[in-house]
Each structure stands twice: as structure tokens, then as C-alpha cells.
Asks: 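Here you go, one structure.
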Amino acid sequence: MRNSRRPAQLLLRWYASARRDLPWRRTRDPWCVLVSEIMLQQTRVSTVIPYYERFLARFPTPESLAAAPEDELLALWSGLGYYSRARNLKRAAEAITAQGGFPETAEAWRQLPGIGGYTAAAVASICFHEPCAVLDGNVARVMARFTAEPGDIASPGVRLRLKERAQALLDPRRPGDFNQAVMELGATLCLPRQPKCLLCPWRDLCQAHQRGIVDQLPVKAPRRQPERLELQLALIVDQGRLLLRRRDGDERRLAGFWELPSLEDLPSSRALRPLGRFRHSITHNHFEVEVWYGRLRRRPKGCHWHELDRIDSLPVGAMTRKAVALLQRVHSQKSPQFGTA
DNA sequence: AATCCGGGGGC
DNA sequence: GCCCCAGGATT
């Protein structure tokens with residue numbers, strides 16, 4: 001009994017001194033914690049922080065989000081990616097509002113849209129002290145090394161085992177701290193490459209470390225190779241307005257988002273001239289983007305004008321942002337009073 | 001079980 | 001370039 005508690009004690013002692021001061025660690029408000037957990041899905045801490053601050057300033061409660069127009073939400077989420085997270089968060093906020101309060105168990109949280117096993121366990125343990133272990137990428141890696149797990153950590157069977165092992169180690173008196181401590185360990189010491197075992201509180205208990213195979217774990221299946229694609233976009237500007245088209249609402253990705261028309265969409269591209277190019281990767285698609293610039297006599301079918309200085313309030317993907325940023329650079333060169341030259 | 005969804009930081 | 005990130009939904 002005493003022995004099984006030792007790993008948790010070692011970990012929590014380390015966490016007390018090594019934990020980073022992150023915005024969502026300064027509160028136990030379920031709404032703030034939920035927002036952070038959703039944003040942190042497949043997204044790094046440093047990326048999330050500015051989005052988190054802006055989001056909660058605008059939507060401090062589930063009620064405020066439930067009442068908001070979706071476009072405003074998506075504009076605020078723009079650039080963070082995985083936009084179904086935002087749409088599901090709004091639906092969850094609506095459910096919470098309708099229920100008149102937050103769920104209090106992981107099982108109940110799990111019922112909300114966009115909330116899976118990880119997020120449910122995270123919020124329930126941090127905000128409601130439910131003794132349930134989380135399993136995310138960090139915990140999977142830490143536990144795979146701690147127990148020298150030989151299986152592929154992507155396989156459901158292995159993931160279940162890893163979660164059970166985390167559950168067995170969890171300190172039921174401090175489930176939220178324990179969960180965050182394991183993740184902190186994975187994020188700061190037990191790194192995918194070149195882990196800092198010398199600083200690790202579990203060094204002497206870690207099976208992989210004892211066997212000298214830390215750098216061989218965790219085992220992961222090879223991933224599919226990316227596709228290269230070329231894209232030509234048109235940046236049509238007139239009187240401070242930009243020509244955009246809206247993607248269908250049932251598109252697989254970036255549904256309902258505004259984007260630049262491609263060259264093929266335009267009746268004539270003779271008047272356009274090259275402005276620049278850049279690369280942009282979306283999951284396994286690697287785009288080489290060429291941007292053309294100019295004016296058009298008339299508005300093409302399906303396209304709409306938008307004020308250039310109000311693009312920020314539209315749902316717009318990062319690729320479109322990069323292209324528009326290209327334009328800002330040209331403008332500042334043309335207008336010395338706004339540039340440094 | 002496989003695939004898809006965005007995007008970016010770090011090496 | 002490649003890996004992988006406080007995952008979840010869909011097929």
C-alpha cells in the first residue's frame with residue numbers, strides 16, 4: 001500500500017516545484033478549464049495562451065457563448081485550427097446553459113458534444129476532484145516508458161492498458177494535480193526526443209530507464225506520407241475591399257469559411273500579376289501557394305467584397321491570412337508613410 | 001481499426 | 001523536412 005503511493009508522492013513533490021504558471025492553472029472555474037482543455041487538443045500550450053485570454057475576455061461564461069453568433073466565435077478561433085472544436089464547444093455551452101449548470105462527473109461531461117474521454121476526465125478531476133486518470137499524448141508516452149510498454153501506443157488495447165496503469169498510480173486525494181503533473185512531466189522532461197531523465201522524479205522507478213531503452217519508446221506506427229499540391233490564389237482588391245468566396249457549409253474542412261478565389265474561378269486573369277508565394281501545410285497536404293494580385297471589372301459569381309480592415313472579424317483560415325499578409329507588405333512599400341523605408 | 005480535421009513550433 | 005502536440009468524431 002505504502003509502496004504504491006510512492007510514485008505519486010515523488011511526482012507531486014516534483015510538480016509542486018516545477019509546475020509552469022499557466023493561465024488555466026490559476027482557476028478552477030469549470031468554464032475556464034473546459035475552454036483550455038478544448039483548445040489544448042492537439043495544440044501546444046504556447047499556441048493556446050493568447051487564444052485562451054482573448055476567448056474568455058469575450059465569452060466569460062457558457063451563457064455568453066451560447067448566445068453568440070457562430071461567425072464571431074469562428075473569427076475568434078481563426079488560426080487555431082480544428083474548427084469543429086469551436087462549433088462543438090458552442091453546442092456544449094448551449095447544453096450547459098439549458099441544464100442550468102455544469103455536469104459534475106466525467107461520465108456526464110462525456111455526454112457533451114466534442115468532449116471525449118480525455119477532456120471529461122480532465123475537467124472532472126481538476127474541477128470536481130473525481131479520481132479518474134487522463135490519457136493524452138503526454139501520459140501515453142510517460143506511462144509507455146515507465147512500464148516499458150512494447151506495443152504501439154496508438155492501438156486501443158495498449159491505450160487502455162496505459163490508462164489503467166495511470167489510474168493505478170493516481171493519488172485519489174489529488175486527482176487534478178496528479179493528472180496535470182503527469183502531463184507536465186511529459187511536456188517538460190519526458191520529451192519525445194532527448195528526454196531529460198536526469199531531472200525526472202521517476203528516474204529510478206522507470207522501467208525504460210532501468211533497461212536503457214528510453215530512446216526506443218514509445219513504439220509508434222509509421223505515418224502516411226504527405227501529398228504535394230499547388231494552388232494559385234487571386235488577391236483582388238478594390239477601394240480597400242477584398243474579394244472573397246465562402247466555402248460550402250458541408251465541406252469537410254473549413255466549412256463555411258471565407259477564402260480567396262483561385263485563379264481558375266475567375267473569368268479572366270490577364271490583368272493579374274504575381275505577388276508572391278509561400279508554403280502551407282494542412283494535416284498531410286502540403287500546399288505550394290502562388291498569389292496573384294490585381295483588379296477586376298466585375299464581381300465574379302459566388303464572390304463577395306469585404307472591407308480589408310475587417311477581415312479579422314471573419315472566419316478565415318491561416319492560408320488565407322498568409323496570402324493577405326503578403327498584400328499588407330506590398331501596401332507598406334507603396335506607401336512610405338506607413339513603412340520604415 | 002483507419003481516417004480526417006488545422007496549424008505551428010522545434011529540431 | 002519531419003514529428004507531434006493536454007483528441008474527438010466519423011466511417
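Basis for what follows: all heavy atoms, side chains included, without hydrogens, waters or symmetry-related copies. Below, chains carry the letters A, B, ... as their sequence lines are ordered, and counting in each starts from 1.
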Asks: Would A:F257 and A:Y83 count as a ring-ring contact (aromatic ring centres under 6.0 Å, His included) here? Give the steps.
Replies: CA-CA 10 Å; A:F257 273 49; A:Y83 299 97; 4.5 Å; yes
Asks: Counting the atoms with a prime plus P, OP1 and OP2 as sugar-phosphate, which does A:H280 contact under 4.0 Å by heavy atoms, base, sugar-phosphate, or nothing?
Replies: sugar-phosphate
Asks: Please list all pairs meeting ring pair (Phe, Tyr, Trp, His ring centres under 6.0 Å) that have one or both residues in residues 171-213 of chain A, counting only residues at least two apart or in different chains.
Replies: A:F146-A:W202
Asks: Under 3.5 Å, which protein N or O atoms sit close to an N or O of nucleotides 3-5 of chain B? Give each pair with its distance.
Replies:
from  : atom 1 : to     : atom 2 : distance (Å)
B:dC4 : OP1    : A:R224 : NH1    : 3.4
B:dC4 : OP2    : A:R224 : NH1    : 2.4
B:dC5 : N3     : A:Y82  : OH     : 3.1

Asks: Roughly how far, to the nearest 0.5 Å, is the CZ atom of A:R253 from the OH atom of A:Y82?
Replies: 12.0 Å
Asks: With nearest nucleotide decided by heavy atoms, which residue, A:Q194 or A:G81, maps closer to the 5′ end of DNA chain B?
Replies: A:G81
Asks: Tell me which residues in residues 33-46 of chain A lie within less than 4.0 Å of DNA chain C, going by non-hydrogen atoms.
Replies: A:E37, A:L40, A:Q41, A:Q42, A:R44, A:V45
Asks: Going by number, which of residues 123-133 of chain A have a non-hydrogen atom under 4.0 Å from DNA chain C?
Replies: none
Asks: Between the protein and nucleotides 9-11 of chain C, which nitrogen or oxygen pairs are less than 3.5 angstrom apart?
Replies:
from  : atom 1 : to     : atom 2 : distance (Å)
C:dA9 : OP1    : A:G114 : N      : 2.8

Asks: Mind checking salt bridge (Lys or Arg N to Asp or Glu O under 4.0 Å) for A:D215 and listing every partner two or more places apart, or none if nothing turns up?
Replies: none
Asks: Measuring from A:E130:CD to A:T105:OG1, what's the distance to the nearest 0.5 Å?
Replies: 5.5 Å
Asks: Working to the nearest 0.5 Å, report the span between CG of A:D136 and CZ of A:R159.
Replies: 8.0 Å
Asks: Would you indicate what A:L22 reaches in the nucleic acid, counting non-hydrogen atoms under 4.0 angstrom: base, sugar-phosphate, or nothing?
Replies: base
Asks: Please classify the nucleic acid contact of A:G186 as base, sugar-phosphate, or nothing, using heavy-atom distances under 4.0 Å.
Replies: nothing
Asks: If you measure from CG on A:L135 to CE on A:M143, what distance do you get to the nearest 0.5 Å?
Replies: 9.5 Å
Asks: Under 4.0 Å, heavy atom to any atom of DNA chain C: which of residues 138-165 of chain A qualify?
Replies: A:N138, A:R141
Asks: Taking A:E259 first and then A:R246, would you say they form a salt bridge - that is, a charged N and a carboxylate O separated by under 4.0 Å?
Replies: no
Asks: Output the distance between atom CZ (A:R203) and atom CD (A:Q210), rounded to the nearest 0.5 Å.
Replies: 11.5 Å
Asks: Just to be sure I understand the rule, does A:A122 reach a base, reach only the sugar-phosphate, or reach nothing, if contact means heavy atoms closer than 4.0 Å?
Replies: nothing
Asks: Hey, does the side chain of A:R273 reach the backbone of A:W292 with a donor-acceptor pair shorter than 3.5 angstrom?
Replies: no
Asks: Going by the rule side chain to side chain donor-acceptor pair (under 3.5 Å), which residues pair with A:D21 if we only count those two or more places apart in sequence or in a different chain?
Replies: A:R26
Asks: So does A:E184 pair up with A:R25, basic N to acidic O under 4.0 Å?
Replies: yes
Asks: Indicate the ring-plane relationship of A:W109 and A:F128, choosing parallel, tilted or perpendicular according to the 30° and 60° boundaries.
Replies: tilted
Asks: Does A:R241 have any salt bridge (Lys or Arg N to Asp or Glu O under 4.0 Å) partners at least two apart in sequence or in another chain, and if so, which?
Replies: none
Asks: Taking the side chain of A:D136 as heavy atoms from C-beta outward, which of C:dG7, C:dC3, C:dC2 is closest to it?
Replies: C:dG7
Asks: May I ask you to decide whether A:E70 forms a salt bridge with A:K90, counting only side-chain N to carboxylate O separations under 4.0 Å?
Replies: no
Asks: Could you work out the separation of B:dG8 and C:dG8 based on their P atoms and round it to a whole Å?
Replies: 22 Å
Asks: Can you name the side chain to side chain contact (heavy atoms under 4.5 Å, CB included) partners of A:R297, sequence neighbours left out?
Replies: none
Asks: Classify the nucleic acid contact of A:W24 as base, sugar-phosphate or nothing, counting any heavy atom under 4.0 Å across all strands shown.
Replies: base
Asks: My validator wants the stems of DNA chain B: runs of 3 or more consecutive Watson-Crick or G-U pairs, both distances under 3.5 Å, written as range with range.
Replies: B:1-5 with C:7-11, B:7-11 with C:1-5
Asks: Measure the OG1-CD distance between A:T147 and A:Q207 for me, rounded to the nearest 0.5 Å.
Replies: 8.0 Å
Asks: Please list all pairs meeting ring pair (Phe, Tyr, Trp, His ring centres under 6.0 Å) that have one or both residues in residues 54-75 of chain A, counting only residues at least two apart or in different chains.
Replies: A:F55-A:F59, A:F55-A:W77
Asks: Without decimals, in angstroms, what is the distance between A:E184 CD and C:dA6 C1'?
Replies: 10 Å
Asks: In whole Å, what is the span from the CZ atom of A:F257 to the C1' atom of B:dG6?
Replies: 9 Å
Asks: If you measure from the Lys or Arg side-chain nitrogens to the Asp or Glu carboxylate oxygens, is any gap between A:E288 and A:R279 under 4.0 Å?
Replies: yes
